[in-house]
Amino acid sequence: MLPLFRGRWSLLAGFGVLALCLAGAPAHAEEDPGDDIDGHSRPDMHKLAGKPPLPRAHKDFSKYRFTPPGDKVVEQADANRLLFWTPDGRPDGYAQRRGSSIIYYNAQGTAIRVQRLTPAEMQDE
């Protein structure tokens, strides 16, 4: 009688393991009602990447006097510099503030011009 009893227990244990496996399997639904927290859904990562929630930095580049003729100027406020691009879309250099000077570089990264700021321009910051 013992072997029959052992078989029943192993059969019941097998059903228990099967039930646990099925209960632990993730359900794939089109829309999970648990996504709403206090009436708000979680942000979509694709939308956040396209439009970051942080405001963009703003700098005053009015003291930068030199611009290569015909170039398009692109501001990089977070790096405190201006980028210069040729009309056909190639990089033509950049200008960056260093202390009391603004240094202008060519496309190869060589300094080509230094603009010293006056004490009055330094006070405007």
Side-chain angles (χ1 to χ4, degrees):
M1 185 159 175
L2 189 57
L4 182 63
F5 185 71
R6 184 180 297 171
R8 286 183 190 165
W9 282 109
S10 63
L11 182 63
L12 289 175
F15 281 127
V17 170
L18 180 64
L20 286 175
C21 289
L22 290 176
H28 298 287
E30 291 297 318
E31 190 170 334
D32 187 9
D35 282 351
D36 289 343
I37 300 171
D38 297 330
H40 294 75
S41 62
R42 288 184 275 178
D44 181 22
M45 292 298 140
H46 295 288
K47 289 180 184 174
L48 285 177
K51 184 179 178 189
L54 298 175
R56 296 195 182 268
H58 178 71
K59 291 274 188 175
D60 180 23
F61 291 105
S62 63
K63 295 176 181 78
Y64 291 64
R65 294 191 193 111
F66 174 74
T67 304
D71 279 5
K72 177 183 170 188
V73 177
V74 178
E75 295 181 358
Q76 274 191 335
D78 55 338
N80 198 21
R81 68 178 166 195
L82 293 178
L83 300 177
F84 305 119
W85 293 85
T86 61
D88 60 346
R90 290 180 298 153
D92 198 24
Y94 64 98
Q96 190 168 19
R97 171 105 185 253
R98 298 282 184 177
S100 63
S101 301
I102 298 173
I103 304 172
Y104 297 89
Y105 299 90
N106 63 7
Q108 290 75 33
T110 307
I112 58 171
R113 183 177 305 230
V114 176
Q115 173 190 335
R116 306 251 186 244
L117 297 176
T118 64
E121 290 174 327
M122 296 290 294
Q123 292 292 330
D124 290 344
E125 293 181 27

Exercise. Can you find a heavy atom in the side chain of Asp71 that is under 4.5 Å from one in the side chain of Thr86?
Worked result: yes
Exercise. Do Val74 and Leu82 come within less than 4.5 Å of each other through their side chains, counting heavy atoms only?
Worked result: no
For this session: Show your working on side chain to side chain contact (heavy atoms under 4.5 Å, CB included) between Leu83 and Val73 and close with a plain yes or no.
Result: CA-CA 6 Å; Leu83 300 177; Val73 177; over 6 Å; no
side-chain hydrogen bond (donor to acceptor under 3.5 Å, both in side chains) against [X], all qualifying residues, sequence neighbours excluded:
{"X": "Ser101", "value": "Arg116"}
{"X": "Asn106", "value": "Gln108"}
{"X": "Arg98", "value": "Gln96"}
{"X": "Ser100", "value": "none"}

Exercise. For residues 61-91, which residue pairs qualify under ring-ring contact (aromatic ring centres under 6.0 Å, His included), counting only residues two or more places apart or in two chains?
Worked result: Phe61-Tyr64, Phe66-Tyr104
When rounded to the nearest 0.5 angstrom, what distance separates [atom1] in [X] from [atom2] in [Y]?
{"X": "Lys72", "Y": "Asp88", "atom1": "NZ", "atom2": "CG", "value": "12.5 Å"}
{"X": "Gln76", "Y": "Arg81", "atom1": "CD", "atom2": "CZ", "value": "4.5 Å"}
{"X": "Ile103", "Y": "Thr110", "atom1": "CD1", "atom2": "OG1", "value": "12.5 Å"}

Exercise. Under the side chain to side chain contact (heavy atoms under 4.5 Å, CB included) test, which residues partner Ala107, sequence neighbours left out?
Worked result: none
Exercise. With distance as the sole test, does Arg97 use its side chain to make a donor-acceptor pair with the main-chain N or O of Gly99 at under 3.5 Å?
Worked result: yes
